[in-house]
There are 2 protein chains.
Amino acid sequence: MAGAAVPATLLAYGCGERSPPDLENARVTTDNARLPTLEDVARLAGVSRATVSRVINGIRNVNPELHEVVWNAVNATGYVANRAARSLVTRRTGTIALVVSDSESHDDDPFMSRFFSDPFFGRVVGGLLSALRPAGVQLALQIVGADQARARLVGDLRQGQADGSIVLSLHPGDTLPQLIADAGLPGVVIGRPARPVPLSHVDVANDRGAALAADHLVARGRRRIGMITGPVDVPASVDRIAGFTSAMARHGRSYVPAVAGNFTHESGDRAMRELLTDNPDLDGVFVANDLMAQGALSVLQELGRAVPDEIAVVGFDDSSAALAARPQLTTVRQPLEDMAAEAARLLLARVDDPSLSTTSIVFEPTLIVRATT
Amino acid sequence: MAGAAVPATLLAYGCGERSPPDLENARVTTDNARLPTLEDVARLAGVSRATVSRVINGIRNVNPELHEVVWNAVNATGYVANRAARSLVTRRTGTIALVVSDSESHDDDPFMSRFFSDPFFGRVVGGLLSALRPAGVQLALQIVGADQARARLVGDLRQGQADGSIVLSLHPGDTLPQLIADAGLPGVVIGRPARPVPLSHVDVANDRGAALAADHLVARGRRRIGMITGPVDVPASVDRIAGFTSAMARHGRSYVPAVAGNFTHESGDRAMRELLTDNPDLDGVFVANDLMAQGALSVLQELGRAVPDEIAVVGFDDSSAALAARPQLTTVRQPLEDMAAEAARLLLARVDDPSLSTTSIVFEPTLIVRATT
DNA sequence: TTGTAAGCGTTATCAG
DNA sequence: CTGATAACGCTTACAA
């Protein structure tokens, strides 16, 4: 990492032991020496632990009067259930793991920074949380690079580190989805796994999205259309290529010049140059994701090719990069937040009822027309 | 969110009950009916639970011979400690919460998507994980918007949802850091809190970073230099303004035209236009973060102002946006990953020894010269 | 150095 | 409908 810096200044703030300035709810226990337990609540409410437990967990068979008495006691004590104790008996952790898995064993920085700074990650996290939080479920981040880490993770998961996993598998050869399935662990994959695996997954109809782009470029009167693809072994990428070329074929264009990138900004830059070298008269290009499209746009500008007048560009994702690009990028929107939320719901349902069969949900992409076409 | 899509296709994969294809370590228990417990390991090793526990937790007083016997039994059974049971007695969860807090109560989408798609988030997560994973600590994501959520979070935290929190406070009026301090919970804030609070924090020397930018612009021979600032109530922003203007003053420039943005790409666009309207002859500008700088660059290009020939631009952060910008952005690097990792270590230390006094660590920024100056 | 046994705070079973 | 009481799986005095 460039510009490594070291701690320069250390200043103590003074660390007086503040006695908590008594919050709105006056606590019964004097200090945080010991947190209120079910027992404390029960005593205050004049009932048994069992009853308090029932009330809290919303179990039917409870006298409505007690119901209120108990809740008052809960509020008075500031009681919050101890997750560990509850987990121990229910065998549920109330936690879902978001596991990001890459086959490559570049263990630390290179992989993480590349992935995390992709807008993709944030959208997924946001979508997951929107579905998990209402259910009171935590989201724990897990990153695995090395195979060893993968095995350990499955062990932890089996054990009960989390009730289930949302799997974000970045590499086609990744064995993690299969490992999770083999272990019989609840899991939902975001994006179709490279090899079929008995886990539910959510995905976008990549092929139809790419077709949308093809139709649009043709409708805009473009004659010489090319494509910048993603890695040729990643399912999402493969589907986009297939969808685009077959749609183009339907329009009577049997040959589509294409160059592959790897979904990074920089690779889009490179691919665009290469594509243009071989096809100088290009007047339209479909780029398999927004980041690469952004890179492509920079190159076009650098080379003095007016967008969209001389050449039109369509991206894929509708990530923040599409809005950041100049001109703003026409792109195929992938409803990632919705997909992630749905994945979370699928997983939660599966955790509740392990007998549920695995299903796959495919979302429809939409074309967002902006200024590059 | 534009282009909301609905599940379109549902296809079942077939969900045969696969009997786990017996992993490398032959399990002792026939199936996953019940996971191996300490008891199982103890029996197999011919020792007591206590001994196994000691071995696993690396406690000294253990016969080296037994040591090996026990580990063999652990491997043979595929034993993994039950976190819940352990937590219950140790009163440690082995989890750190990353709490992202914004005062505004736009509860769901608007806030989350804005923040998550900022490269900032990914860098912080990456840095935290790099320090947490080696310690075997989980990272749980917590997002709080509404005040109610804030109170609930503190309750959960007190209770033991996590051993401590890394606080990412996005709004100057945010009460969360104070709430956490008041509750006596271990916490480390990333970025200096708006109001002093008895929690440790890590930060970058924003003022010195801004001074770096000023010195550089002046050294490059720029005469009419302006600034696009962040929100005027955010500490990081305030420090950058102060650092920049005082450095400029040292160079004999007592007046610096400035317009405020809000750290988004789009606000950088707006601010640049405004700044240029009032100061048409500007030949240099310091923009308080990369995202805004990217927006500013788009505008300059649109207006036909050559960068860096006619006007030089310096950003702040050295996020992925700096590399994505064209020309690539000269910027002040904030070592966010390192800062986050340090925050994690500070927090872990504090969790281990609550008597530790709160400290603050300030990292040095560095100037990364690219193509916009 | 090792084993025994007492909890940790819940939920769940089973009588009343 | 409510209350004892037994787990849940682990760590940790305390004893041996």
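Order of the sequence lines sets the chain letters (A, B, ...), proteins ahead of strands, with each chain counted from 1.
The 5' end of DNA chain D is approached more closely, in terms of each residue's nearest nucleotide, by A/Asn63 than by the other of B/Ala50 and A/Asn63. Residues A/Thr37 and B/Arg49 both approach DNA chain C. Their nearest nucleotides, taken by heavy-atom distance, put B/Arg49 toward the 5′ side. Where B/Ala85 and B/Ser48 meet DNA chain C, the nucleotide closest to each residue was compared, and B/Ser48 sits on the side nearer the 5' end.
Side-chain atoms of B/Ala81 lie closest to D/dC10 of the nucleotides D/dC10, C/dT10, D/dA4. Ranking D/dT11, C/dT4, D/dC8 by closeness to the B/Thr90 side chain, first place goes to D/dT11. The side chain of A/Val89 approaches C/dT10 more closely than any other nucleotide in the set C/dT10, C/dT2, D/dG9.
A side-chain donor-acceptor contact under 3.5 Å links A/Arg83 to the backbone of A/Gly94. The backbone N or O of B/Leu98 lies less than 3.5 Å from no partner atom in the side chain of B/Ser165, so there is not a single donor-acceptor pair. A/Ser360 contributes no side-chain N or O that, together with a main-chain N or O of A/Val202, makes up a donor-acceptor pair within less than 3.5 Å.
The separation between B/Arg92 atom CZ and D/dG9 atom C1' is 19 Å, rounded to whole Å. Between A/Ile56 atom CD1 and C/dA12 atom C1' the separation is 15 Å, expressed in whole Å. Straight-line distance from the CG atom of B/Leu88 to the P atom of C/dA6: 17 Å, rounded to whole Å. One can place CZ of B/Arg86 at 19 Å from P of D/dC8, the figure rounded to the nearest angstrom. Regarding A/Asn82, its CG atom lies at a distance of 14 Å from the C1' atom of C/dG7, rounded to whole Å. As a whole-Å value, the separation of B/Arg54 CZ from C/dT1 C1' is 8 Å. As a whole-Å value, the separation of A/Tyr79 OH from C/dG9 P is 10 Å. Rounded to an integer number of Å, the gap from CZ of A/Arg43 to P of D/dG3 is 15 Å.
Put simply, B/Thr51 has a side-chain N or O that comes within less than 4.0 Å of OP1 or OP2 on C/dG3. Within the structure, a side-chain polar atom (N or O) of B/Arg91 is placed less than 4.0 Å from OP1 or OP2 of C/dG9.
For B/Thr77 and B/Asp40, the side-chain atoms include no donor-acceptor pair closer than 3.5 Å.
Between the side chain of A/Arg83 and the base of C/dG9 there is no donor-acceptor pair of N/O atoms closer than 3.5 Å.
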| said: side-chain hydrogen bond (donor to acceptor under 3.5 Å, both in side chains), that's the test. Do A/Gln178 and A/Asp182 meet it? Break it down for me. | reply: CA-CA 6 Å; A/Gln178 188 64 54; A/Asp182 287 346; 3.0 Å; yes

